[in-house]
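Structure, as C-alpha cells:
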Amino acid sequence: MARIVIDDLHKVYAGGVKAVTGVSLDIADGEMIVLVGPSGCGKSTLLRMVAGLETITNGTLTIGDRVVNDLEPADRDIAMVFQNYALYPHMTVRGNLAYGLKNRGVSKPDIERRVNEAAAMLEIADFLDRKPRALSGGQRQRVAMGRALVREPAAFLFDEPLSNLDAKLRVQMRVEIRQLQRRLRTTSLYVTHDQLEALTMADRLVVLNGGVIEQVGTPMDVYAKPASVFVAGFIGSPAMNMIDAGYLRDHGSMPAEMPSGTDIVGVRPDDLLLAKPEGPHLALQGTVALLEPAGAESHIYVTLDGNSAPLTVRVQGLPSVLEGQGVPLYAPLSALHPFNKASGKRTD
Amino acid sequence: MQTKRMTFNSRWLPYALLAPQVIITLVFFVWPASQALWQSMLRQDPFGLRTTFVWFQNFERLFEDSHYLASMKTTLIFSVSTTLLSMSVALLFAVMVNRMIRSQNAYSTFLVWPYAVAPAIAGVLWWFIFNPSVGILPYILEGFGYDWNHRLDAGDAMILVVVAAAWKQISYNFLFFLAGLHSIPQSLVEAAAIDGASRTKRFWTIIFPLLSPTTFFLMVVNVVYAMFDTFGVIHATTEGGPAQATNILVYKVYRDGFVGNNLGSSAAQSVILMVIVIALTVVQFRWIERRVNY
Amino acid sequence: MVENDRWGTLFAHIILILGVAVVVFPVYVALVASTHEGGTFLRGVMPLLPGSHGWENYSTVIIEGRSNAGAPPIGGMLWNSFVMAMAIAIGKIAISLLSAFAIVYFRFPFRIFFFWVIFVTLMLPVEVRIVPTFEVVAQLNMLNTYAGLSIPLIASATATFLFRQFFMTVPEEMLEAARVDGAGPMKFFKDILMPLSITNIAAMFVIMFIYGWNQYLWPLLITTDDSYYTIVMGIQRMVTGGDSEPLWHLVMATVVLAALPPILVILFMQRLFVKGLTETEK
C-alpha cells in the first residue's frame, strides 16, 4: 500500500524527442488512476517511468516514502500487467507466477501459498500446470494479473491490459479488474486509449495530450466539465459537437450569456434536441444528412444551413425524421461548453 | 544497428560476453590474415636464409605466371559448371516435388541427405564410380564407344570433379528452391491460370521471375562453395591433375604453400582469394540487407 | 487448383524417381562394394548386387585398419571425428549465444566495431589463409590436439547472426517482465532467453555438427600423429596411401562409416535441419 507522488517528470529521448513534459500527480494510497489519451500522448512513457523501464530525464518519483528514480524495476515494489501479457512461454502458469518470488528469495512454502491464493482469487487454479500457449486470451489475461497479484506489491501498473481481447471479454475483464482493485485497495495506475474504459474504471482519470496533462478529475467531473477542446473531443462518444461562435453570431443565435473570449461552443450529441426545451436555449436550423439507427438509440447527422461539418444528435429509439428533411435543433444553455480557440481552454 | 528498446546496464559484462568469440576471431582469423598480407610482400631466397621486402612483386609475378592464370581459368570453368549443373537439377526437382501433394515429404527426404556427405567423401564416391578399371560408368560409356580415363584426359577429370561437387550441393539448392516455391502466393498462379496461361507458360512468366531472389542468392552461395569448399573433392581425387587440369585456386594455394613451400607466392594467392571472398560476401550481404527491408 | 493433368503428374513422378536414383546411386554403389571381398575388384567391373563379406570388411576397418597403407583402425578416427564435431558444434553455439546476447541486450562503446570483427570471420574461410593459420596454431603448440582441431573453427558469424536475428524477435516485454520480476542479465539469459531459443539451438546444432564432422583441410593440416586423424581425412590416406590399387572393399566400408553419422543426424532431425539451414542464410 503506498502513495505515489509524481513531481514534474520529464522524458526526453536520445534523439531529442520530448515524450513527457512536466507531469505532476499525487496518487493517494489505494486509488485507481487511469491515464488516458491518444497514441503518442506520453501515457505509456509515464507509466514505464514509474515502473523503472524508462529512465527519468528530470523530476522526482516517490513510491511510498522512497524516492525511486534510480532503483531497478524489481526494487520499486511494483507489479506490472503488460499489453501482450508477456507470459514466459516455456514456463507453466505456476512457474510464471512463482518466478518473481523465487528471484526475491521468498521461501518455498510461502510461494506455494501465495500462488494458490492468487490462483483461487482469479479462478485459474485449474490450469496451474499448463503452459500459456494452451490458454485462451482471457485466461492468459488472468495469469498476467495473477503474476502481479502474488507479488503483493505497493502498486499495480497496467499497460493497456485489455486491448488484445475481443469486445465482449474486454467488458467482462474490465469489471473484474475493477472489483479486484476495490477489494485489495492497492494503488493502481492504469493506461488505456479507450475513453470508455477510463470513465468506467477510474477513481480519477488523467487526460494526457502531447506529453502534458490536459485535465485531472473524477470521471463525472471530466465528462461534465471538460477543461479543454481536446478533452471535450476525446472523452464521450460520439464526440462533442463543436460549433464556431462566428457562425452563431452571423445567424443571430449566439447566446449573450457566453463568457467573453468564447469562440467555440461545444454541445454533446445527447444535449441537442429536436423539440424545444423549457428555459433558455440555443436554437438552430439544419437538414438531416444521414440517419443511423443503432438499436436502443439513433444518431442523426444534421448539416446546419451554411455550415458544412454535420452535427451529431443522439436520440432514444428511432426518430420520425427523413433524410433531406429540414429540422430545428435546440440545446439548453446549461448544456453548452464555451471554449477559446487560441488557448483551447474552457472560458467559464 | 538495433538493440532492444530497453537494455541492461553493465560496464564490463558485454565485453566479457563477447570476449571468447572476439579473441578466437583475432587470434585465428584476423592475425593470420594480416600475416598473409605481410608475407605476400616478402620473398625468401631459395635457402630460406634471407627475406626481402618486395612490395607487390609477388602479385606481379603471379599475374605473369601462366600456371596461375590457367588455374584462374580452371576455377572459373569449374565453379560456373558446378553452379549451373547443381542449380538446374535442383530447380527441376524442386518444381516437380512442389506439384506433389502427398509424396512431397517422401521425395524431399530422399533428396536432402547428400548435404551431410563431406565434399571429400563425395569425391571418393564418384571417383570410384568413374574408376577406369572397376567403375560402373566407364563400363557403360565403353558400350557407347567412349574410352573414359580421367587420369589422362583433362576433360574427363574436370567432368568428374564437377559432377562430384554438384551432386553434393543439389540438396542445399533443392531446399532453398522448394522454400522459394512455397513462398509464392498461390493466388498469383491461380490468377495466371484464369488468364489462360499454360503450366509451362506460368512457370516461365510468373514462377521463375518470382524465384529470382532465391536464384540470385543461391548463385552467390554456390560460387563460394565451388571456389572454396571443394578443396576436399579435388584433394581426395585428382589432386589437381592431370597436368593441372583441375588445379583450382584454393588447391594451388595449399600446394604452393605446403608442398612447394613457396610462402611469398602462396601468401599473395591467399590475399587474392580473400579479396574474392570479401567481394562475394559484400554482394551477398547487400542482397540480404535489401531483402530484410521488404 | 482443380487441374486434371494426370500425364504431367506421372511425368513428374518419373523424373523424381530417376532423380532420387541418381542421388542415391553413389551411396548404393559404396554399400554394395563394401560387402564384397577384395578379389572381386580385380576381375573387372564391380557388381551391382550386395555380396556376403560385409561383416568381415567392416570389422576389419574398424578394429584392424590398414597400417601398411598408412591408415590406422578407423574406430579411433570415428571417435576423433565425433569429439571434433561435438566440440565445434557446442563451442560455436556457446560463444555465439553469448556474443549475440551482448550485441542485442546491451548498449556499450565499440558495439558496432565488435559486430564487424565477428562479421570478418565470414570473409576469411580457412581455405584462404591456410599457411599463416597453420603457423599460429603451431606457435600455440596446438598441433595434434583436440583443442587445435576444434577451437580455431568455433568462431562463427553465421550462428551469431542467427541468434541475433532470433533475439530481435523475442518480444520486448519478455525482458521488461523479467526485470520487474527481479532477474539480472545472466539470470534472464539462463531462465528466459536460453529456454526460448531451444529450437534454434537444436537446429544450429544439427548444421554445426555436420560442419564439424565434414572438416577436411583443417585436420589434414594440423594432424601428423595418426591417433588424431579424423575419419573424413583418413579416407584420403587410404585411397592414396598405398602404392597399389586401393583396396576398394575396405575403402568403401570406411566411406560408408564416415558418411553415416551426419546422414543419420539429417534424417532423424530433418525438420530442425531444414529450419537451421534456411534460417541461417536469411
Side-chain angles (χ1 to χ4, degrees), chain B residues 1 3-8 10 13-14 17-18 20-22 24-25 28-33 35-36 93 96-97 99 107 109-118 120-121 124-126 129 134 136 139 175 179 190 193 228 231-232 235-236 250 253-254 257 263 266 270 273-274 277-278 281, chain C residues 1 12 15-16 19-20 23 26 29-30 41 45-46 95 98-99 101-102 104-108 112 114-115 117-118 120-125 127-133 136 151-152 154-155 172 175-176 185 210 214 216-217 232 235-236 239 248 255 258-259 262-263 266-267 270 274 277-278:
Chain B
M1 202 183 48
T3 53
K4 292 287 176 177
R5 185 169 61 197
M6 176 196 188
T7 51
F8 287 109
S10 170
L13 188 57
L17 292 169
L18 280 167
Q21 177 141 26
V22 168
I24 289 172
T25 305
F28 296 105
F29 288 74
V30 176
W31 174 245
Q35 283 286 303
F93 289 172
M96 294 300 159
V97 166
R99 48 183 290 170
Y107 279 124
T109 305
F110 274 110
L111 292 171
V112 298
W113 59 266
Y115 176 85
V117 178
I121 291 179
V124 172
L125 284 173
W126 286 95
I129 291 172
V134 300
I136 186 93
Y139 178 76
L175 280 174
E190 284 167 359
F228 301 101
F231 175 87
H235 186 253
V250 171
V253 175
Y254 165 81
L263 290 183
S266 171
S270 287
L273 282 179
M274 276 181 223
V277 190
I278 290 170
T281 313
Chain C
M1 203 164 16
I15 296 262
L16 284 173
V20 167
V23 167
V29 167
F41 300 95
V45 78
M46 68 150 296
I95 67 170
L98 292 177
S99 43
F101 177 54
V104 173
Y105 283 96
F106 291 85
R107 251 172 248 155
F108 53 94
I112 305 290
F114 284 117
F115 182 77
V117 170
I118 293 168
V120 157
T121 56
L122 265 190
M123 301 189 170
L124 299 171
E127 287 81 2
V128 310
R129 50 184 168 81
I130 298 170
V131 180
T133 314
V136 168
I151 292 176
I154 66 175
E172 298 270 357
L175 171 60
E176 295 171 354
I210 293 169
N214 287 349
Y216 181 75
L217 174 59
V232 175
I235 286 172
Q236 194 267 346
V239 176
W248 287 113
V255 161
I263 290 180
I266 284 203
L267 292 183
Q270 195 177 341
V274 173
L277 197 66
T278 47

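Chain naming here is simple, since letters A, B, ... match the order of the sequence lines and numbering starts at 1 in each.
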Are Phe110(B) and Leu16(C) close enough that some pair of their side-chain heavy atoms sits under 4.5 Å apart?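 No, every pair of side-chain atoms sits at 4.5 Å or beyond.
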Note, Asn214(C) side chain near Ile121(B) side chain (heavy atom, < 4.5 Å):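 When only atoms from C-beta onward are counted, Ile121(B) and Asn214(C) do not touch, as no gap falls below 4.5 Å.
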What part of [X] gets within 4.5 angstrom of chain B, counting heavy atoms only: side chain, backbone, both, or neither?
| X | result |
| --- | --- |
| Phe106(C) | both |
| Leu98(C) | both |
| Val23(C) | both |
| Leu175(C) | side chain |

Quick one: do Leu13(B) and Phe108(C) satisfy side-chain contact (heavy atoms from CB on, under 4.5 Å)? Show the steps, please. CA-CA 10 Å; Leu13(B) 188 57; Phe108(C) 53 94; over 6 Å; no
Looking only at heavy atoms and a cut-off of under 4.5 Å, which of [options] has the most pairs with chain B?
| options | answer |
| --- | --- |
| Pro26(C), Ala258(C), Ala155(C) | Pro26(C) |
| Ile151(C), Val104(C), Val117(C) | Val104(C) |
| Ala102(C), Ala259(C), Pro152(C), Pro262(C) | Pro152(C) |

Partner chain C: residue of [options] with the largest heavy-atom pair count (under 4.5 Å):
| options | value |
| --- | --- |
| Ser270(B), Pro20(B), Pro14(B) | Pro14(B) |
| Arg99(B), Met96(B), Gln35(B) | Arg99(B) |
| Ala179(B), Ala36(B), Ser266(B), Gly232(B) | Gly232(B) |
| Leu111(B), Thr109(B), Val30(B), Val97(B) | Thr109(B) |
| Tyr254(B), Trp31(B), Phe231(B), Trp126(B) | Phe231(B) |
| Leu273(B), Leu18(B), Val250(B) | Leu18(B) |

Using non-hydrogen atoms and a 4.5 Å limit, figure out which bit of Thr281(B) sits close to chain C: side chain, backbone, both or neither.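 Looking at Thr281(B), just its side chain touches chain C.
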Euclidean distance, [Y] [atom2] relative to [X] [atom1], rounded to 0.5 Å:
| X | Y | atom1 | atom2 | result |
| --- | --- | --- | --- | --- |
| Ile15(C) | Phe93(B) | CD1 | CZ | 8.0 Å |
| Thr25(B) | Ile95(C) | OG1 | CD1 | 6.5 Å |
| Leu217(C) | Phe228(B) | CG | CZ | 12.5 Å |
| Trp113(B) | Ile263(C) | CH2 | CD1 | 5.0 Å |

From CA spacing to verdict: side-chain contact (heavy atoms from CB on, under 4.5 Å), Val29(C), Leu125(B): CA-CA 8 Å; Val29(C) 167; Leu125(B) 284 173; over 6 Å; no
Least distance between heavy atoms, Ala116(B) atom then Ile210(C) atom: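 Answer, listing the atom of Ala116(B) first, then Ile210(C): CA-CG2, 4.0 Å.
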